[in-house]
Amino acid sequence: MTDEFKFHIGDTAVEKILELKDQEPGDKEYALFLQIDGVHGNQFTYDLSFLDIGQARSDDKRVDFGELPVIIASASPQETMQDLSLIHI
């Protein structure tokens, strides 16, 4: 995994995601996994889920926002994920 990837999550969104992550059961270290899961019209649709960070593959992209690790699935077309921003949750 690499940290060299342009992806942005706004501070308010990070705070909300961390609140939601804290509600996940068990003692595992969770990351927000993000991948493109389809197309609707001329826009991509995305799957956002919390998964055990140990499930990340070596070719996935990792971007950390403070205490929030985000994993960009390698199965998603990387050129469409570059410069993506997540502002509101």
Side-chain angles (χ1 to χ4, degrees):
M1 289 181 288
T2 179
D3 289 323
E4 296 180 23
F5 191 76
K6 293 181 183 176
F7 177 74
H8 175 74
I9 300 179
D11 292 340
T12 303
V14 169
E15 290 175 19
K16 183 63 176 176
I17 293 167
L18 286 171
E19 286 177 25
L20 295 171
K21 185 179 103 155
D22 288 343
Q23 296 175 23
E24 289 294 311
D27 296 331
K28 295 181 180 180
E29 182 181 355
Y30 289 100
L32 180 66
F33 276 68
L34 172 65
Q35 68 181 3
I36 294 175
D37 69 351
V39 177
H40 184 263
N42 63 352
Q43 298 182 1
F44 292 106
T45 58
Y46 300 92
D47 175 32
L48 293 149
S49 56
F50 293 114
L51 295 174
D52 180 353
I53 199 165
Q55 293 180 300
R57 298 174 8 168
S58 62
D59 56 346
D60 290 339
K61 306 291 185 202
R62 178 177 173 160
V63 183
D64 290 298
F65 295 90
E67 297 179 25
L68 177 64
V70 178
I71 306 297
I72 312 289
S74 61
S76 296
Q78 298 301 302
E79 65 277 1
T80 61
M81 302 296 273
Q82 189 76 353
D83 295 323
L84 186 68
S85 292
L86 180 61
I87 304 299
H88 302 286
I89 297 288

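No experiment lies behind these values; they were computed from the predicted model shown. For this chain, numbers begin at 1 and follow the sequence in order.
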Asks: How many angstroms lie between CG in L51 and CG in L34, if you round to the nearest 0.5 Å?
Replies: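 The CG atom of L51 sits 11.5 Å away from the CG atom of L34.
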Asks: Would you please name every residue forming a side-chain contact (heavy atoms from CB on, under 4.5 Å) with E24, sequence neighbours left out?
Replies: Y30, F50
Asks: Salt bridge or not between R62 and D64? Use side-chain N to carboxylate O under 4.0 Å.
Replies: yes
Asks: Measuring from atom CD of Q35 to atom CD1 of I72, what distance do you get when rounded to the nearest 0.5 angstrom?
Replies: 10.5 Å
Asks: Residues two or more places apart in sequence or in another chain: which of them pass salt bridge (Lys or Arg N to Asp or Glu O under 4.0 Å) with E67?
Replies: none
Asks: Would you compute the distance between atom CG of L18 and atom CG of L32 and round it to the nearest 0.5 angstrom?
Replies: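 Rounded to the nearest 0.5 Å, the CG-CG separation comes to 9.5 Å.
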Asks: Residues in side chain to side chain donor-acceptor pair (under 3.5 Å) with T45, at least two apart?
Replies: D37
Asks: To the nearest 0.5 Å, what is the distance between CG (D22) and CD1 (I17)?
Replies: 12.0 Å
Asks: Please report the closest heavy-atom contact between I53 and F33, naming both atoms and the distance.
Replies: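 That closest heavy-atom pairing would be CA-CE1, 4.5 Å.
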